[in-house]
Amino acid sequence: MLHLAALPPLRTQFYTPDPREIAPKLLGKVLLRKKGKSLRAGRIVEVEAYLGADDAAAHAAAGQTERNNVLFGPPGHAYVYLSYGLHYCLNISCMPPGQAGSILFRALEPLTGFAAMAKARGLAISNELRSLRMLTSGPARLCQALEITRERDNGRDMTSPDSGLWIVDDNHKVQKVAISKRIGITKSAELPLRYYLEGNPFVSATRKV
DNA sequence: TTATAGATTGCCT
DNA sequence: GGCAATCTATAAT
């Protein structure tokens, strides 16, 4: 918890393999966001893997476009898109340049910067679990809490603290990784590509799994 | 506690 | 023109 920002960041090499390999390793790591002097951080408790041409639900499935450029670029970069016209969602690109693949961040367990997160979400927050879940439990919520937008952050290099958005390993031991179908998609919905920490209360609500 | 509708932008057919 | 990797408020059980 202390000195999270001083830990070495996960580097490009970590993000170079297939997203299915990286996703379970990403659980338990810590996503950091620095804006000015304020630091916000959350433990990654739920992610989904998105592949390339074989995955109809992936934005990269139809080929490279202006919008999904980042997915085909170097690994370790932020892919931010607008969902349903009003929410942003954050991915990190995987695989070597020229090959698409990414991991969607679906839920965090808040560690520091509660007040800033609450303010960014437009919420008044208490210390109750139910209240804290509202901060970062859901892909669009965590973007709002960390003030991540497409305009500001799409294409950002997440392998260095200099970018203000990066991931560290604080040596936290995860209990158990569970796998299920992905949430909220209609194409390739049967693929088991959602990874989460079993029993963690900050995992987003599971609808039909 | 679960179910449903509505908001709202930009991408692709 | 249709649709989408979501969230929230409101309604009903």
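Throughout, a chain's letter reflects where its sequence line sits, starting with A, and its residues are numbered from 1.
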Q. Under a 4.0 Å heavy-atom cut-off, which of residues 53-64 of chain A touch DNA chain C?
A. A:Ala57, A:His59
Q: Quick one: list whatever passes side-chain hydrogen bond (donor to acceptor under 3.5 Å, both in side chains) with A:Thr159, sequence neighbours left out.
A: A:Asp157
Q | Connected hydrophobic set around A:Tyr50, excluding itself, where side chains approach under 4.5 Å | A | A:Val70, A:Leu71, A:Phe72, A:Tyr79, A:Tyr81, A:Leu104, A:Ile185
Q) Counting only N and O atoms by type, is there a donor-acceptor contact under 3.5 Å from the side chain of A:Arg20 to the main-chain atoms of A:Ala49? A) no
Q. What parts of residues 185-193 of chain A reach DNA chain C, counting only heavy atoms under 4.0 Å away?
A. A:Ile185, A:Thr186
(Q) Treating A:Ser188 as the side-chain partner and A:Ala56 as the backbone partner, does any N or O pair qualify as donor plus acceptor under 3.5 Å? (A) yes
Q | Any pair counted as side-chain hydrogen bond (donor to acceptor under 3.5 Å, both in side chains), so long as it reaches residues 131-142 of chain A, sequence neighbours left out | A | A:Arg133-A:Ser137
Q: Please confirm whether the backbone N or O of A:Lys25 pairs with a side-chain atom of A:Lys29, one donor and one acceptor, at under 3.5 Å?
A: yes
Q) With pairs taken as Watson-Crick or G-U wobble and both distances under 3.5 angstrom, which stems of at least three consecutive pairs involve DNA chain B? A) B:1-7 with C:6-12, B:9-12 with C:1-4
Q: Using atom types as modelled and distance alone, determine if a side-chain donor or acceptor of A:Arg106 lies under 3.5 Å from a backbone N or O of A:Ser204.
A: no
Q. Are the side chain of A:Asn69 and the backbone of A:Gln64 linked by a donor-acceptor contact shorter than 3.5 Å?
A. no
Q. Distance-only, no hydrogens or angles: does the A:Arg33 side chain make a donor-acceptor pair with backbone N or O of A:Leu165 under 3.5 Å?
A. no
Q | Straight-line distance of A:Met134 CE to A:Glu128 CD, nearest 0.5 Å | A | 12.0 Å
Q) Taking a hydrophobic cluster as the set of Ile, Leu, Val, Met, Phe, Trp and Tyr residues connected by side-chain heavy atoms closer than 4.5 Å, whether directly or through intermediates, do A:Ile148 and A:Leu86 fall within one such cluster? A) no
Q) Should we say atom CD of A:Glu190 is surrounded by more than 12 heavy atoms from elsewhere, each under 6.0 Å from it? A) yes
Q) Using a heavy-atom distance cut-off of less than 4.0 Å, which residues of residues 121-151 of chain A contact DNA chain C? A) A:Arg121, A:Gly138, A:Pro139, A:Ala140, A:Arg141
Q. Earliest and latest nucleotide of DNA chain B, 5' to 3', sitting under 4.0 Å from a non-hydrogen atom of chain A?
A. B:dA7 to B:dC12
Q: Tell me which residues in residues 73-88 of chain A put a heavy atom below 4.0 Å from DNA chain C, sorted by number, or none.
A: A:Tyr81, A:Ser83, A:Tyr84, A:His87
List, one per line, each side-chain donor-acceptor pair under 3.5 Å for residues 90-97 of chain A, sequence neighbours excluded.
unit_1: A:Asn91; atom_1: OD1; unit_2: A:Ser102; atom_2: OG; d: 3.1
unit_1: A:Ser93; atom_1: OG; unit_2: A:Pro74; atom_2: O; d: 2.9
unit_1: A:Ser93; atom_1: OG; unit_2: A:Gly76; atom_2: N; d: 3.3
unit_1: A:Ser93; atom_1: OG; unit_2: A:His77; atom_2: N; d: 3.0
unit_1: A:Ser93; atom_1: OG; unit_2: A:His77; atom_2: O; d: 3.3

Q) After noting the C-alpha distance and the side-chain angles of A:Trp166 and A:Lys34, does the key distance pass the side chain to side chain contact (heavy atoms under 4.5 Å, CB included) rule? A) CA-CA 9 Å; A:Trp166 74 107; A:Lys34 193 164 192 174; 4.0 Å; yes
Q) Who pairs with A:Arg156 by side-chain hydrogen bond (donor to acceptor under 3.5 Å, both in side chains), at least two apart in sequence or on another chain? A) A:Asp153
Q: List for me each residue that meets salt bridge (charged side-chain N to carboxylate O under 4.0 Å, His left out) alongside A:Lys176, sequence neighbours excluded, and say none if there are none.
A: A:Glu198
Q.
Without decimals, in angstroms, what is the distance between A:Asn91 CG and C:dT6 P?
A. 11 Å
Q. Could you state the interatomic distance from CG (A:Leu108) to CE (A:Met117), rounded to the nearest 0.5 Å?
A. 7.0 Å
